[in-house]
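We count ligands from 1, going down the list as the structure has it; atoms in each ligand are counted the same way.
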Amino acid sequence: MSKKHVMVFNRLPEELVERLRQHFTVEVIPFSANIDLFAASAAKAQGLIGASRKLGEQELEMATTLEAIASVSVGYDSYDVDYLTERGILLTNTPDVLTDTTADLGFTLLMSAARRVPELDAFVKAGLWRKGVGEEHFGTDIHGRTLGIVGAGRIGAAIAKRGHFGFDMPIIYTANSAKPELEEQMDAQRRELDDLLCEADFVCLVVPLSAATEGLIGARELGLMKSSAILINLARGPVIDEPALIEALRSGQIRGAGLDVYTREPLDASPLFELPNVVTLPHIGSATHETRFAMAERAVDNLIAALTGERPSDLVNPAALDHR
Ligand code: 8YV
């Protein structure tokens, strides 16, 4: 029997490509491959592995032999899951292995925005530190302030843990269902979104992007936040109405923001760049050597399972099995 064909559509460590080669014929296409190259290569494939590419009907129409896609990400908003399910194509993601690293970055953003780290670093390096610092350089306290987690899933819980045990922060959260573990371990309290926005000193967005969460934070919601509050977005750009956020940061409606994600990525120009009270990172939530390797490894395991007749451990759309 001839080997199945796998297409790797973004960077994967060489030793993991080698592992795939033990099972499959592997083709690696460049990360920047255009749609024609992608479609031509996908047309031969039973399996795809990669991330950061929008994949729906238009991109996969020619991929008539496709059986599985292993995404190297926990979020799967860039895939048309209903379409994949209908076609019996399995989709897998990489939960757990990135939880702590992404929570670390959430806290990094929170602290950087609160203590104005990038702004004051630039101030020192520009040679502007000529006398002592004054009120114009002051930040805001972190310890003991209320941390609001919007979407207390795995990453949200890991951020709450850092805030509660490390910084003595009272924790409030929103979630589709109550989280008894969080409530028992750190006395976290569940709130409606509007109440959380009114109460929290730091609002941290960690919801998956879906029709229900697109535009979740707009002008009205920003208006509910304290003028001293800081908003952190680790989720996906479209969860926030970006022009409304820019306006809120400009007018002092909220004190600051820490952003890892944007409506458009990569982001090479934006009014955000003019604002000193926003910390901007280039979508690096999971981007450490260790975690990106672990994610890639987990995706490879998932793909091998999916293409060798086993049930992958991180199957996003089990209903696809009924359409095969
Ligand atoms: C990266 C992420 O976007 O896992 C996710 O959902 O947002 C990130 O880890 C990327 O997909 C990693 O390959």
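- Counting non-hydrogen atoms of other residues, nucleotides and ligands closer than 6.0 Å to CZ of R115 gives a total of 12 or fewer.
- Counting non-hydrogen atoms of neighbouring residues, nucleotides and ligands closer than 6.0 angstrom, the CD atom of E136 exceeds 12 such neighbours.
- For Q58, the CD atom counts as loosely surrounded, since its 6.0 Å shell holds 12 or fewer non-hydrogen atoms of other residues, nucleotides or ligands.
- Scanning for side chain to side chain donor-acceptor pair (under 3.5 Å) contacts around N277 gives an empty result, with sequence neighbours left out.
- For T102, there are no side chain to side chain donor-acceptor pair (under 3.5 Å) partners, not counting sequence neighbours.
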Starting from the N and O atoms of ligand 1, find every protein N or O within less than 3.5 Å and list the pair with its distance.
residue  : atom   : partner : partner atom : Å
ligand 1 : 3 (O)  : H283    : NE2          : 3.0
ligand 1 : 4 (O)  : V74     : N            : 2.7
ligand 1 : 6 (O)  : V74     : N            : 3.4
ligand 1 : 6 (O)  : G75     : N            : 2.7
ligand 1 : 6 (O)  : R236    : NH2          : 2.8
ligand 1 : 7 (O)  : R236    : NH1          : 2.8
ligand 1 : 7 (O)  : R236    : NH2          : 3.2
ligand 1 : 7 (O)  : H283    : NE2          : 2.8
ligand 1 : 9 (O)  : S286    : OG           : 2.5
ligand 1 : 13 (O) : V72     : O            : 2.7

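- For K3, there are no side chain to side chain donor-acceptor pair (under 3.5 Å) partners, not counting sequence neighbours.
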